[in-house]
**Student:** 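Sharing a structure, written as structure tokens. Questions coming.
Remember, it's 1-based here, ligands and their atoms both numbered in the order they're listed. What you are looking at is a predicted structure, and each value in this text was computed from that prediction instead of being measured.
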Amino acid sequence: MLGFSQEIFCARRKKIFENMEGSVMVLPAAPVSMKSRDTEFRYRADSELFYLTGVVDPGSLAVLNPNGDSGSFVLFIQPRDEEKERWDGKRLGLDEAKDIFCADEVYSLEDLEKYLPRLLSPAETIFFRLGSGSRIEQLVIQSLTTARIGRSRRILGPQSVADPGMVLDPMRIVKDPEEVERIRQAAVVTVQAYQEMLPAIRPGVGEWEIEAVLDSEFRKRGAWGPAYTTIVGSGSNSTILHYVSNNCTLENGDLVLVDAGAEVDLYNADITRTLPISGRFSDRQNDIYEIVLCANREAIETIRPGVSVDQIHLNSLDVLIQGLMELGILNGDKDKIIEDEIYKPFFPHQTSHWLGLDVHDVGDYTFGKKPRILEPGMVLTVEPGLYFIPSPVSSIEVKDEVLSEYIGIGVRIEDDVLVTSDGNEVLTASLPVTAEEIESLVGSIRD
Ligand code: GLY
Ligand code: MN
Ligand code: MN
């Protein structure tokens, strides 16, 4: 249960049951993914199954049924197996699992075919994510077929399958205090790891070494590891949004963009800082850094309950475009630049995404046709950036001298922000961000 109490999961199930009348939800564990032949990737639990049950064990399956007085939670788990447990570690027994997860019934996965059809049969709708092609999916489809055939004999049964996210995402978008605590912890670990890493930035160091410092600091501090593959992009690699090769050497005079986050109890942080490898930003690098920092501050200033998530992006975009116009990189009418998306080659992504159990967490950015309004308990990133991709990858024609001076520069500055009742709290605020602060910290182990 990763330190969460049973009551939290019981309360979440009770709440989701309010929106599930006449339906059943089937949540399988994340599949074990193979790295090569018989070697597995390190297992990461499924966010939805964990959110509603606390279960992190591979091979499990929860069936949640709100129909009945207090609803029910049936759990299937992998059976005990002395030989397998010798290789992979202990599995829970049925009674043990029932106790730990507060389940109404626990069955062995070997009995799936025996019990699952019966559990699905009273539902009109099955909340289940299609597309895995698993044995569970076959049983879900079979239950629809059985019900369709039986309907002529007045036997009722499931008629539709819906995505569990339809009822889960609106709940997950607002974090409860226990979740905020884990995201806060992930942010603390990530900030500490960056503080250990900054002195190591200097010419001649490999991008992979910077990645290794961060990932090792995450683990040292008890995090599960990196929330996503750590990005260390030096020189023009800083213009590649999700660069993960991390196999180049840091060159004097270049920037290095570092985007990393720790995962703590399945909750994530996501921070980006852009650093001068020499220890000093050049004038051109500083031009861009100051614009992006200003957009980051403006985005953070915007965040408070009642404001739309679109407004954060629009305010940050306004600062970025204004800055590019003042440098002479963009010219003409600002509204037209926005309308025709002329800025897009330099800023191709959004300013924010939700943050939580998933790094790019669930939850729509619109509500019906309207943009989502911020509420206390939401957690999101702010990550404006400007990227000047070298040709031939770039679609921009570098015909003027102004633009050519910026080619190869990529700057992103990313922080994690909690919406509070009267504004916001920057969970990553303790990590320095101004150019002066960054210059004083980078490469301080230089010899
Ligand atoms: N690290 C991925 C992102 O910032 O969205
Ligand atoms: Mn992000
Ligand atoms: Mn990031």
Side-chain angles (χ1 to χ4, degrees), residues 44 47 172-173 175 182-184 186-194 197-198 207 210-211 213-215 217-218 223-234 237-246 255-264 266-275 289 292-293 295-300 302-303 309-310 312-313 316-317 320 344 346-365 372 374 378-387 410-419 424 426-433 438:
R44 202 275 185 181
S47 298
R172 283 180 55 192
I173 199 170
K175 275 67 186 171
R182 298 322 197 280
I183 301 172
R184 190 187 297 285
V188 167
V189 168
T190 308
V191 167
Q192 290 172 343
Y194 266 82
M197 174 277 287
L198 287 168
E207 292 171 346
I210 302 304
E211 175 189 5
V213 173
L214 286 165
D215 291 4
E217 292 297 329
F218 294 161
W224 181 85
Y228 49 91
T229 305
T230 294
I231 295 167
V232 184
S234 64
N237 297 333
S238 62
T239 67
I240 304 168
L241 302 176
H242 283 174
Y243 170 83
V244 289
S245 308
N246 301 349
L255 292 176
V256 58
L257 184 154
V258 182
D259 182 343
E263 178 178 317
V264 171
L266 297 179
Y267 285 84
N268 301 290
D270 183 2
I271 297 182
T272 306
R273 290 291 182 267
T274 308
L275 316 160
Y289 194 86
V292 176
L293 180 58
N296 169 289
R297 301 293 99 169
E298 182 65 32
I300 291 170
T302 310
I303 297 176
V309 70
D310 279 11
I312 306 170
H313 183 62
S316 125
L317 187 58
L320 295 176
K344 271 246 162 124
F346 308 110
F347 182 42
H349 57 80
Q350 289 290 310
T351 301
S352 301
H353 58 79
W354 310 120
L355 184 67
L357 275 170
D358 295 308
V359 180
H360 294 168
D361 208 29
V362 296
D364 289 341
Y365 294 86
R372 169 79 63 166
L374 297 181
M378 289 177 165
V379 181
L380 67 166
T381 65
V382 292
E383 47 181 305
L386 286 174
Y387 313 90
V411 174
R412 179 164 64 251
I413 303 175
E414 178 174 27
D415 285 288
D416 303 340
V417 184
L418 166 70
V419 184
N424 72 63
V426 182
L427 303 176
T428 49
S430 56
L431 185 62
V433 72
I438 293 285

**Student:** Roughly how far, to the nearest 0.5 Å, is the CG atom of Asn296 from the CG atom of Asp415?
**Tutor:** 5.0 Å
**Student:** For atom 2 (C) of ligand 1, what is the closest protein heavy atom, and at what distance to 0.1 Å?
**Tutor:** His242 NE2, 3.5 Å
**Student:** Would you say the side chains of Glu207 and Ser234 form a donor-acceptor pair under 3.5 Å?
**Tutor:** yes
**Student:** Quick one about Glu383 and His353 (side-chain donor to acceptor, distance below 3.5 Å, no hydrogens or angles considered), yes or no?
**Tutor:** yes
**Student:** Restricting to salt bridge (charged side-chain N to carboxylate O under 4.0 Å, His left out), what partner residues turn up for Arg372, sequence neighbours left out?
**Tutor:** none
**Student:** For the residue pair Arg412 / Tyr387, report whether a side-chain donor-acceptor contact shorter than 3.5 Å exists.
**Tutor:** yes
**Student:** Show me which atoms of ligand 1 lie under 4.0 Å from any heavy atom of Glu414.
**Tutor:** 4 (O)
**Student:** Would you tell me which option among Arg412, Glu383, Gln350 has the nearest heavy-atom contact to atom 4 (O) of ligand 1?
**Tutor:** Glu383
**Student:** Pairing donors with acceptors under 3.5 angstrom, does anything connect the side chains of Tyr228 and Asn268?
**Tutor:** no
**Student:** Would you call Asp416 and Arg184 a salt bridge, using N to O less than 4.0 angstrom?
**Tutor:** no
**Student:** Can you list the atoms of ligand 1 that are under 4.0 Å from a heavy atom of Tyr228?
**Tutor:** 1 (N)
**Student:** State the CE-CG distance between Met197 and Asp215, to the nearest 0.5 angstrom.
**Tutor:** 11.0 Å
**Student:** Give me the nearest non-hydrogen protein atom to atom 5 (O) of ligand 1 as residue plus atom name, then the distance to 0.1 Å.
**Tutor:** His360 NE2, 2.7 Å
**Student:** Can you tell me how far the OG1 atom of Thr230 sits from the CD1 atom of Ile210, to the nearest 0.5 Å?
**Tutor:** 11.5 Å
**Student:** Taking only protein atoms, how many N, O or S atoms are found under 2.8 Å from the Mn ion (ligand 2)?
**Tutor:** 4
**Student:** Below 3.5 Å, N or O to N or O, backbone or side chain included: is there any such pair between Thr272 and ligand 1?
**Tutor:** no
